[in-house]
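Heads up, the thing below is written out as structure tokens.
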Protein chains: 2
Amino acid sequence: MSLKHAILVLLEKKPGSGYDLSQRFKRGIGYFWNASHQQIYQELKKLADARWVEFELQTQSERPDKKHYRISAAGRSALKAWLQEPTKHERLNSALLVKLYAAHLADPQALLLQLDERLAAHRAKLEEYVGHESFYLDRGDALSQKQAQRYLTLRHGIRYEWNWIEMLEESRTLLTQGRTPQRPMLERLTRRKIESK
Amino acid sequence: MSLKHAILVLLEKKPGSGYDLSQRFKRGIGYFWNASHQQIYQELKKLADARWVEFELQTQSERPDKKHYRISAAGRSALKAWLQEPTKHERLNSALLVKLYAAHLADPQALLLQLDERLAAHRAKLEEYVGHESFYLDRGDALSQKQAQRYLTLRHGIRYEWNWIEMLEESRTLLTQGRTPQRPMLERLTRRKIESK
DNA sequence: GATCCTTATGCAAGTGGTTGCATAGTATTT
DNA sequence: AAATACTATGCAACCACTTGCATAAGGATC
């Protein structure tokens, strides 16, 4: 399980409370890791028991008290060891793609509704990520190796959203107008690759 | 949970045993749903208890006996109802992207190894899917709505693999040569969109 | 004034999914 | 002759994750 390690990565970058972490998962690195607050609090407890993180209680008068976590030396070496380990391939499961695969069994109107809802969500995400991209682009060649690597994960997120948008738009066209795309995917993709070189 | 419904979709298309289903998840629709054989057998039991599927025992002399499952009328209407329901957004979690995000903490050599292993896997998958694509392309305009919709889910799979390949190649370049890609993602993607119209 | 949102943490119960093991015959490879 | 792979199903224990609830105080909205 890697939630442990995802948390360690975040705490290594910057210490913070469980609440902070849940915000950073949502707003920061949501394009490759997501976790609910319950998961985070449970995991932080385990991490503290294992001495991979330490925390101090910060009492606040205006707001609820919080636990300020930071990674420990043991946590750092556990993280380093994990980075070395082989990584399991994550399995992908998409209920929406199951539905689209079985679209002929469904009421087209109801499917279109779900499709549009998703399309809007992916467009919003894409816009968000493109906003983040400008941070890296503004710095141009001045990107450190570390920043450049982080930019690459963001690019992955952008392409991921774009993929969904294209898929959903194609499905929309098919469901409403019966038009089906003819151009082979690979040709299209490699063409693009050659151009951008 | 949608494993139930993914199984129903497969059985609606064609009845078969638990073993058959696990093959079809792996080799057929693996680009949007995956399930282990333990999961499938457990789920088939539940589905049979709920009367959404029926089975008959087929005794075989040369091979182990098997249970031949097929979807029931109740299963069909449950499936139809599910297709109408709103679909939750699946959360994405990729341990490899966490590692790449934190690449500066890792031994570059060990990371490269993982990266190449994954790159090979995604290239193999892409090749497999492109093989499947020719099935649809050969039929050209003769595709039924049903087939066309299935083709779209495959296109999604192709783009998904392509995205990983590009990401991993870019990371490889960065880790080995320190070169970082400069072209903004969105411009690149939209440019392609205009061309293909 | 009531309701909702944000900050901040947590428990308890349940469901979904993984890991490891077990069985058993045939076929293929070393 | 031995080891591995394929067909075929399943149990038991465990781990990961979700759902629903609870508390608590401030600020914003209706």
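Labels below follow one simple rule: chain letters A, B, ... track the order of the sequence lines, proteins then strands, and each chain is numbered from 1. All values below were derived from every heavy atom in this structure, side-chain atoms included, with hydrogens, water molecules and symmetry-related copies excluded.
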Q: Quick one: which residue pairs count as a side-chain hydrogen bond (donor to acceptor under 3.5 Å, both in side chains) with a foot in residues 124-148 of chain B, not counting sequence neighbours?
A: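 Every pair satisfying side-chain hydrogen bond (donor to acceptor under 3.5 Å, both in side chains) with a residue in residues 124-148 of chain B: B/Glu133-B/Tyr151.
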Q) Which residues satisfy the side-chain contact (heavy atoms from CB on, under 4.5 Å) test with A/Ser2, sequence neighbours excluded? A)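 Partners of A/Ser2 under the side-chain contact (heavy atoms from CB on, under 4.5 Å) test: A/His5, A/Trp33, A/Trp82, B/Ala95.
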Q: Only counting residues at least two apart or in another chain, list the ones meeting side-chain contact (heavy atoms from CB on, under 4.5 Å) with B/Thr153.
A: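 In terms of side-chain contact (heavy atoms from CB on, under 4.5 Å), with neighbours along the sequence ignored, B/Thr153 is linked to A/Leu97, A/Leu100, A/Tyr101, A/Met167, B/Tyr31, B/Phe32.
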Pairs meeting criterion salt bridge (charged side-chain N to carboxylate O under 4.0 Å, His left out) with involvement of [range], two or more places apart:
range                      : value
residues 49-59 of chain A  : A/Glu54-A/Arg70, A/Glu56-A/Arg70
residues 97-119 of chain B : A/Glu90-B/Arg118, B/Asp116-B/Arg172
residues 3-21 of chain A   : A/Lys4-A/Glu43, A/Glu12-A/Arg76

Nearest to the side chain of [X], heavy atoms from C-beta on, is which of [options]?
X       : options                : result
A/Gln39 : D/dT18, D/dA16, C/dC21 : D/dT18
B/Lys67 : D/dT9, D/dC17, D/dG10  : D/dG10
A/Gln42 : C/dA12, D/dG10, D/dT9  : C/dA12

Atom-pair distance ([atom1] on [X]; [atom2] on [N]), nearest Å:
X       : N      : atom1 : atom2 : answer
A/Phe55 : C/dA8  : CZ    : C1'   : 14 Å
A/Lys4  : D/dA16 : NZ    : C1'   : 10 Å
A/Tyr69 : C/dA8  : OH    : P     : 14 Å
B/Leu44 : D/dG10 : CG    : C1'   : 12 Å
B/Leu3  : C/dG17 : CG    : P     : 6 Å
A/Asn93 : D/dT18 : CG    : P     : 13 Å
B/Glu43 : C/dT15 : CD    : P     : 12 Å
A/Gln58 : C/dT7  : CD    : C1'   : 14 Å

Q. Which residues in residues 7-37 of chain B have at least one heavy atom lying under 4.0 Å from any atom of DNA chain D?
A.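 The answer is B/Ser17, B/Gly18, B/Tyr19, B/His37.
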**Q.** DNA chain D contacts made by residues 79-92 of chain B, counting heavy atoms under 4.0 Å
**A.**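 Within residues 79-92 of chain B, the residues near DNA chain D are B/Lys88, B/Arg91.
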(Q) Is there a path of hydrophobic side-chain contacts, each under 4.5 Å between heavy atoms of I/L/V/M/F/W/Y residues, joining A/Leu113 to A/Leu111? (A)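 Hydrophobic grouping puts A/Leu111 apart from A/Leu113.
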Q. Given a cutoff of under 4.5 Å between side-chain heavy atoms of I, L, V, M, F, W and Y, with clusters grown through shared members, what are the other residues clustered with B/Tyr19?
A.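 Traced through the cluster, B/Tyr19 reaches B/Tyr41.
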**Q.** Side-chain hydrophobic cluster, 4.5 Å single linkage: members besides A/Leu57
**A.**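 Answer for A/Leu57: none, a lone residue.
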Q) Any side-chain N or O of B/Lys45 under 4.0 Å from OP1/OP2 of D/dT9? A)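 Checking B/Lys45 against D/dT9: no side-chain N or O falls below 4.0 Å of OP1 or OP2.
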Q: Report the end-to-end axis angle of the helix from C/dG1-D/dC30 to C/dT30-D/dA1; each axis comes from five terminal pairs, and the value is rounded to 10°.
A: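 So the angle between the two local helix axes works out to 40°.
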Q) Does A/Gln38 or A/Lys66 map to a spot on DNA chain C nearer the 5' end, using the closest nucleotide for each? A)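 Per heavy-atom nearest nucleotide, the more 5' residue is A/Lys66.
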Q) Who pairs with A/Lys67 by side chain to side chain donor-acceptor pair (under 3.5 Å), at least two apart in sequence or on another chain? A)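 With neighbours one apart ignored, the set is empty.
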Q) Can you name the nearest heavy-atom pair linking A/Val53 to A/Ala48, along with the distance? A)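 Residues A/Val53 and A/Ala48, closest heavy atoms: CG2-N, 3.6 Å.
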Q: Identify the heavy atoms of A/Ile40 and A/Gly18 that sit nearest to each other, and give their distance.
A: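 Nearest heavy atoms, A/Ile40 then A/Gly18: CG2-O, 3.9 Å.
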